[in-house]
A.B. asks: 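One structure coming up, written as C-alpha cells, with questions to follow.
Residue indices begin at 1 and follow the sequence shown. As a basis for the values below, the full set of heavy atoms in this structure was taken, side chains included, without hydrogen atoms, waters or symmetry mates.
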Amino acid sequence: MSHQLLLSIRDAMVIYKEKPIFENLDLNIHQGLRTALIGKNGAGKSTIMKIIYGIKSLDEGEQWVEPGISIGYLGQEINYQENQTVFDFIFENISGDERELFKYKVDIIADSLQLNVSLNMNMLSGGQIRRAGLARALVEEPDILLLDEPTNHLDLNAISWLENYLNGYRGSLVCISHDKRFLENISNQIFWIDRGNLRVCSKGFKFFNEWSSMLLDQEARELAKRKQILAQEVEWASRGVKARVKRNIRRLNQVKEMRDKLKKDESSFRHSTKKINIEPIKDFENQSKIIAEFYNVHKEFETNKVKHKILNGFNLRIKKGDRIGIIGRNGSGKTTFLKLLLKELKVDMGSIKLKKDFDCSYFDQNRSDLNENSTLKDILAPNGGDYINVRGKMRHIYGYLKDFMFDSKVILDKVSSLSGGQKNRLKIAKILAFPKSCLILDEPTNDLDMETLDMLEEILINYEGTLLLVSHDRDFLDQTVTKILAFEGDGNIQQYVGGYTDYLTYNQKVNKQVSFNKSEIVRRPLSKKIPEIDFDFKNKKKLSYKLEFELKNLPSKIDNIEKEINILSKQLSDPDFYLNDPDGFLLASENLAIARSELEKYELRWLELEELKTD
C-alpha cells in the first residue's frame, strides 16, 4: 500500500564543526508511517529532527515539503516565556479560532501526563517541563510529529497511555527513544543512521536486531571478499612488474587505492560494531543473608496542608542476592523508599533494620554528586593522579573512560559540557569502578543510548550482589530483576515475583476476573465497622477462636479489595471514561475512595491481630 509523500530531502550535506555529518543524504516521510529513528550518540539523530522541523538548514541539497503540512516537535530543550502558565504554553502555537476546539484535549493530555495547567512554567521541575513540551506537541495534532526521547521522566502508566495515543494517531511520526519496548510498540518503519548513511527498513523496531545484523553480516562478507581480492593483487605486485608499462602502473595505483579504502572501511566497520565490554562483577561471598528489613513502616509528606501517604504499615525483607525492580507513578514514593533505606530520611513510625556492615553504591537520578565544574578526570580521581583502582586493578583513567565510549579529547572537559546521556555514562563508570555488595540505581536508563543500555544490562545480569532498580524501561526491567515492588499510590505497595511482564500479566489476569462494565457501576456501601478491642497484651497471649477466624480471613478480604482498587484505578486512568460516562466516572471515583478506606482498615486490623497473636 502506497502512502502519500509529505516531506523529502535529497542529496543533502550537513556540516558540524567543519566536518560533514551527512553526505548525499536522502530521506522521505510518508503519510501515516510511524518511524523509529535509530543511531549511536553523536550519529546526528537530533540534527535530522531539527532539519525536518526547519530550525536547522542543509549545507547542500534540497528539501521539499507538501504545501499546507504542519510539523510538531518535542526537542531536547524546551523554551518558554517568563511567567507563562502551563495552559498558555501548551496553546502557544494554536490560533484563536481553534482554541475552543482543542480545550478538551488539553485537560485529557495534561491529566494523563500529570500536569497542573494552572501552574507557571518556571515553577516546574525539568521533568515536568519536558512533559509540558510533550503535551504541546500532542495537542497541536500536526501532520508530522517529531518526538526526541518522549519517554524521559514519564512513569510506566504515562508511557502506556502515550503508546495507545500514538498508535491511534493519524499523522506521521518520527521518534527517537532509548526505550526498546516503547519503539517496538509504536513503530512500523525504521530509519537507521549508520556512519553517516541512512538505512531504511519497512518493518517496525521489533525487527531491528534481525535486520541490522543481516546488513552487518553482509558487509563483513563483502570486506572479507575485498580483502581476498586485495591479497591476490598484492601477490601479483610482489612478483615484480614492468614499471614502464602504463597498464601496470595504473594497476599498481589501483592496488594502493584498494588497500587504503579497505583499511578505512574495516576501521569504520570495527567502530560501528564495537561494544562496551566490562568484566562481570562478582565475589560477594561474605555478604549477610538479610540485608535490610522494613517493619510496619509509615511515612507521609505534607504539601499545601494536604498529607500524602508514601508508606502505610509497610513490611519488606531484602535478602542477599535479591534483584528488585521498583515501579510506580511519579510522586508515588519510589525515591523516598530508597532514601529511607539509605538513612537519608527518617520513618514516621515503624523501624528499618540494616545489617551492621551495610554498604551500597547509589545512582542518584539527579546526579547530585557530579560537580558541574569538575573535569571528567577529577570525578574519577578526586585525589589526583592518572590511575584509578578498578575492582582491584590499576587502570589508566584515559583507558578506563575509553571503555565507556569517551573520546580522550573530552577527559579534561568540565562535566557541565556533557550531555545528559554522557553524564549518566560517567556516573555509571564511577560506580562500576568499585561497586559495593548492594547496587541501588534510581532511573539509570534516562538519556542513555542503546549501546550503553546493553552494556549496563549485561553487567547487571552478571552482578552477584543485591540490586534495587527504579526504572520505567520495561525491557530493561525484564532482563535484570526477579521481583517487582509496585508503588500504586496512597501508601499501597504490591509485591510480585518475576519481571515487569510477569507483573503486567498478573494484573491483566486479575482485571479479567473482576472486570465489570462501566455502565453497571453501582454505589457500594461502606462495609460494617470493624469492632474495636481494648488489647491487654499481658493477659491475652492467645487469640480466641473468633479472632483467629477473623485473622485467617483478612488476607482474602485485603486481596479482594486490592483487586477492586486496581480495576477502579485502571478505569479512571482511561481518558475517554469521563467523556463517555460522566456520572459513571464520578461514581467510580467515589467507590475508589471508599475501597481505599476499607483497605486501610483491613490492613490496620491485620496488624493489630498479628501483634496480639505474637505478643
Side-chain angles (χ1 to χ4, degrees), residues 38-43 45-46 75-77 125-127 129-130 148-155 159 176-182 275-278 281 325-326 330 334-335 338 360-380 382 388 390 397 400-407 410-411 413-436 439-461 463 467-477 479-481:
I38 310 299
K40 291 188 174 184
N41 277 359
K45 301 187 296 295
S46 296
Q76 293 286 354
E77 297 179 0
S125 67
I129 290 171
R130 278 198 60 77
D148 195 343
E149 295 289 2
T151 63
N152 273 3
H153 305 288
L154 295 187
D155 57 42
I159 291 173
I176 300 170
S177 179
H178 66 271
D179 189 327
K180 297 177 183 177
R181 190 73 58 85
F182 178 74
K275 302 290 184 183
I276 304 177
N277 294 311
I278 305 294
I281 303 170
I326 302 167
N330 292 337
K334 303 185 297 295
T335 300
L338 296 183
C360 69
S361 300
Y362 177 45
F363 184 102
D364 171 15
Q365 65 169 310
N366 297 317
R367 303 184 290 260
S368 54
D369 61 338
L370 289 186
N371 188 331
E372 294 285 313
N373 293 318
S374 295
T375 66
L376 279 70
K377 184 179 177 182
D378 293 336
I379 294 296
L380 288 185
I388 179 176
V390 179
I397 291 174
Y400 181 63
L401 282 177
K402 192 175 180 180
D403 290 346
F404 289 85
M405 308 298 283
F406 282 103
D407 192 310
V410 305
I411 291 174
D413 290 353
K414 290 187 176 181
V415 172
S416 58
S417 68
L418 302 180
S419 67
Q422 288 174 318
K423 288 177 182 177
N424 273 10
R425 231 186 305 149
L426 177 62
K427 175 74 173 172
I428 290 169
K430 183 180 179 182
I431 286 176
L432 296 182
F434 192 69
K436 307 297 191 337
L439 283 181
I440 299 178
L441 308 178
D442 191 359
E443 296 287 8
T445 62
N446 277 348
D447 302 310
L448 290 182
D449 57 76
M450 289 185 182
E451 286 74 22
T452 311
L453 270 177
D454 290 340
M455 175 273 295
L456 181 58
E457 182 181 292
E458 188 69 24
I459 288 173
L460 295 183
I461 288 171
Y463 175 65
L467 172 66
L468 285 87
L469 170 66
V470 178
S471 180
H472 63 256
D473 191 315
R474 293 156 293 180
D475 185 73
F476 192 75
L477 286 168
Q479 300 299 327
T480 55
V481 305

A.B. asks: With heavy-atom distances below 4.5 Å as the criterion, would you say the side chains of Leu154 and His472 are in contact?
C.D. replies: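 Counting from C-beta outward, Leu154 and His472 never come under 4.5 Å.
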A.B. asks: To check you understand the geometry: which heavy-atom pair defines the closest contact between Lys423 and Leu370, and what is its length?
C.D. replies: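 Taking Lys423 first and Leu370 second, the nearest heavy atoms are O-CD1, 3.6 Å.
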A.B. asks: What's the spacing between Arg425 CZ and Leu453 CG if we round to 0.5 Å?
C.D. replies: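 Between Arg425 CZ and Leu453 CG, I get 11.0 Å after rounding to 0.5 Å.
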A.B. asks: Determine yes or no for a side-chain-to-main-chain donor-acceptor pair under 3.5 angstrom, with Lys45 supplying the side chain and Lys40 the backbone.
C.D. replies: yes
A.B. asks: For Asp369, is there an ion pair with Lys427 - N to carboxylate O distance below 4.0 angstrom?
C.D. replies: yes
A.B. asks: Assess whether side chain to side chain contact (heavy atoms under 4.5 Å, CB included) is satisfied between Asp473 and Thr151, documenting all intermediate values.
C.D. replies: CA-CA 9 Å; Asp473 191 315; Thr151 63; over 6 Å; no
A.B. asks: Who passes side-chain contact (heavy atoms from CB on, under 4.5 Å) against Asp155, sequence neighbours left out?
C.D. replies: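 Asp155: side-chain contact (heavy atoms from CB on, under 4.5 Å) contacts with Gln114, Asn157, Ala158, Arg329, Asn330.
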A.B. asks: State, with a plain yes or no, whether a side-chain heavy atom of Tyr362 is found less than 4.5 Å away from one of Lys436.
C.D. replies: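 No, too far: nothing below the 4.5 Å cut-off.
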A.B. asks: Which distance, rounded to the nearest 0.5 Å, do you find between the CG of Leu467 and the CD1 of Ile459?
C.D. replies: 12.0 Å
A.B. asks: Counting N and O atoms only, with roles assigned by atom type, does the side chain of Tyr463 sit under 3.5 Å from a partner on the main chain of Thr480, one being a donor and the other an acceptor?
C.D. replies: no
A.B. asks: Distance from Leu432 atom CG to Leu439 atom CG, nearest 0.5 Å?
C.D. replies: 7.0 Å
A.B. asks: List the residues meeting side-chain contact (heavy atoms from CB on, under 4.5 Å) with Glu149, not counting sequence neighbours, and say none if there are none.
C.D. replies: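 Once residues adjacent in sequence are excluded, the partners of Glu149 under the side-chain contact (heavy atoms from CB on, under 4.5 Å) criterion are Gln76, Arg130, Asn152, Ile176, Ser177, His178.
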A.B. asks: Residues in side-chain contact (heavy atoms from CB on, under 4.5 Å) with Thr375, at least two apart?
C.D. replies: Lys377, Asp378
A.B. asks: So do the side chains of Leu418 and Leu376 get within less than 4.5 Å of each other, counting heavy atoms only?
C.D. replies: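 Leu418 reaches Leu376 side chain to side chain.
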A.B. asks: Mind listing the closest non-hydrogen atom pair of Asn424 and Pro444 along with its distance?
C.D. replies: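 In terms of heavy atoms, the two residues are closest at ND2-O, 3.5 Å.
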A.B. asks: Do Leu468 and Ile326 have side chains that approach each other closer than 4.5 Å (heavy atoms only, starting at C-beta)?
C.D. replies: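 In contact.
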A.B. asks: State the OG-CG distance between Ser471 and Leu477, to the nearest 0.5 angstrom.
C.D. replies: 4.5 Å
A.B. asks: Would you mind reporting whether Ile428 and Phe363 have side-chain heavy atoms less than 4.5 Å apart?
C.D. replies: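 In short, these two side chains touch, coming nearer than 4.5 Å.
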A.B. asks: If I take atom CG from residue Asp475 and atom NZ from residue Lys180, how far apart are they, to the nearest 0.5 angstrom?
C.D. replies: 6.0 Å
A.B. asks: Could you measure the distance from the CD atom of Glu457 to the OG1 atom of Thr445? Nearest 0.5 Å is fine.
C.D. replies: 11.0 Å
A.B. asks: Any chance you could lay out the side chain to side chain contact (heavy atoms under 4.5 Å, CB included) test for Ile159 and Arg181, step after step, and finish with the verdict?
C.D. replies: CA-CA 10 Å; Ile159 291 173; Arg181 190 73 58 85; over 6 Å; no
A.B. asks: Check whether Tyr400 reaches the backbone of Ala433 with its side chain - one donor and one acceptor, N or O, closer than 3.5 Å.
C.D. replies: yes
A.B. asks: Is the shortest heavy-atom distance from the side chain of Leu426 to the side chain of Leu401 under 4.5 Å?
C.D. replies: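 Yes; the side chains approach each other to less than 4.5 Å.
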